[in-house]
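Data first, discussion second: the structure below is written as structure tokens.
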Amino acid sequence: MRTDLKGKWILITGASSGFGAAAARAFGAEGSRLLLGARRQERLEQVAVEALKAGAAEAHVHRLDVSQTTSVEAFMAWATTRIGPASSAGAGLDVLLNNAGGAQGLDTVAQGKDADWEAMIQSNVLGVLRMTRAALPLIRKDCGSSIINIGSVAGHVAYEGGAAYCAAKAGELQITRALRLELNGTGIRVSTIDPGLAETEFSLVRFKGDATRAKQVYAGTHPLTAEDIAEILVWVASRPSHVNIDELLVKPVDQAAVHKVYRRS
Ligand code: NDP
Ligand code: 8X3
């Protein structure tokens, strides 16, 4: 039987744009209760309004920087006051969506900047570890709860200029695999969803606000949208409670491989 997401608590990191914001709207449409985190609070508030409009039972926002342990702990303390500990009847977190992250720059290793490397490892790798460690005591056992991490094709295949980002997403993949083993027997499901080319703010962030360069990444091709991924995230979380989608690689039809993208002239 499909896991009903109505009234379930869904915690989404990186909910201020892209996949995270679309996921807030999509889980909202299921009637879920949402806890949304990111650094840009105004954007989060806007997303919460959209999620409520879509049907969310509740939507709450709090500033979160996954690269800071103190921020993660403050966020989870706030989340606990909203949800209540997993031990109390009917309480607990149903879905942790570790989505916050992204790329900084497209430099070769020879040209790489420490600040970019550190930011990518902090958000994509350590952020997932910190959030999961802090959220685990809140996650309900044996009832179809899920930890869903957002990886990337970059975690499977390297490309020039992607060394640190590819390393970070390969790290996320191995964290997911380790967690899947560690949580076996708890009933908590663990998944990684690994998208290819998707048009969000990802490239704008990677190219430090250079909108022209960011647009070129998607020129002439038909990329994934944030909504495509959000729909998959809802599907993963709503599988029957005994079904675990371990690893899902999702690419646009136009992207046969990381380097082979079909572009219409
Ligand atoms: P966006 O740039 O649109 O969204 C990234 C989100 O992550 C924002 O909400 C941002 O919020 C948040 N974020 C970044 N750093 C931090 C941080 N330190 N603490 C808290 N939140 C943070 O890009 P996407 O939606 O595309 O990216 C979402 C995830 O998907 C990322 O992990 C990315 O690596 C991955 N991905 C993206 C693909 C793509 O082609 N778009 C493909 C494969 C994977 P704020 O800045 O407000 O903190
Ligand atoms: C984002 C996809 O190919 O730009 O993770 O690294 S890619």
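Atoms within each ligand, like the ligands themselves, are counted from 1 in listed order. Scope of the values below: all heavy atoms of this structure, side chains included, with no hydrogens, waters or symmetry mates.
- Looking only at heavy atoms of the protein, atom 15 (N) of ligand 1 is closest to R39 NH2, 3.1 Å.
- Between atom 20 (C) of ligand 1 and the options L64, V217, N124, V128, the minimum heavy-atom separation is to L64.
- Looking at ligand 1, you won't find any N or O of L197 less than 3.5 Å from one of its N or O atoms.
- Residue K141 places its NZ atom among more than 12 non-hydrogen atoms of other residues, nucleotides or ligands, all under 6.0 Å distant.
- Proximity of D65 to ligand 1 is established by a heavy-atom distance of less than 4.0 Å.
- Counting heavy atoms closer than 4.0 Å to ligand 1, residue Q122 contributes nothing at all.
- Proximity annotation for atom 29 (C) of ligand 1: of N99, I229, I193, N99 comes nearest, heavy atoms only.
- When hydrogens are left out, the protein atom nearest atom 1 (C) of ligand 2 is F202 CZ, 3.4 Å; that is the closest non-hydrogen contact.
- Counting heavy atoms only, G101 comes closest to atom 5 (C) of ligand 1 of the residues G102, G101, A103, G18.
- Applying the 4.0 Å criterion to heavy atoms of Y165 picks out, from ligand 2, the atoms 1 (C), 5 (O), 6 (O).
- Each of the following atoms of ligand 1 lies closer than 4.0 Å to a heavy atom of S16: 8 (C), 9 (O), 10 (C), 11 (O), 45 (P), 47 (O).
- Nearest residue to atom 25 (O) of ligand 1 from Y218, F19, Y165 is F19 (criterion: closest heavy atom).
- The closest non-hydrogen atom to atom 44 (C) of ligand 1, taken over S123, G151, S17, A21, comes from G151.
- In terms of protein heavy-atom proximity, atom 2 (C) of ligand 2 is nearest to S152 OG, 3.7 Å.
- For A38, no nitrogen or oxygen atom sits less than 3.5 Å from a nitrogen or oxygen atom of ligand 1, counting backbone and side chain alike.
- Heavy atoms of Q68 come nearer than 4.0 angstrom to ligand 1 in no pair at all.
- Interface atoms of ligand 1 facing A100, defined by a heavy-atom separation under 4.0 Å, are 7 (O), 13 (N), 20 (C), 21 (N), 22 (C), 32 (O).
- Ligand 1 has G196 within reach: a non-hydrogen atom of the residue lies less than 4.0 Å from it.
- Atom numbering of ligand 2 starts at 1 in the shown order; those under 4.0 Å from a heavy atom of Y159 are 3 (O), 4 (O), 6 (O), 7 (S).
- For the pair K208 and E201, the salt-bridge criterion is not met [side-chain N within less than 4.0 Å of a carboxylate O].
- Between the side chains of R130 and Q122, a donor-acceptor pair is found at a separation under 3.5 Å.
- Here is the list of ligand 2 atoms found below 4.0 Å of a heavy atom in V153: 3 (O).
- No more than 12 heavy atoms of other residues, nucleotides or ligands lie within 6.0 Å of NE2 in H222, so this atom counts as exposed by the packing criterion.
- At a 3.5 angstrom cut-off on N or O pairs, P195 does not count as close to ligand 1.
- Environment of CD in E247: crowded, with over 12 heavy atoms of neighbouring residues, nucleotides or ligands closer than 6.0 Å.
- Put simply, no part of A226 is less than 4.0 Å from ligand 1, judged by heavy atoms.
- The A154 neighbourhood of ligand 2 comprises atoms 6 (O), with distances under 4.0 Å to a heavy atom of that residue.
- The closest approach between P223 and ligand 1 stays at or above 4.0 Å for every heavy atom of the residue.
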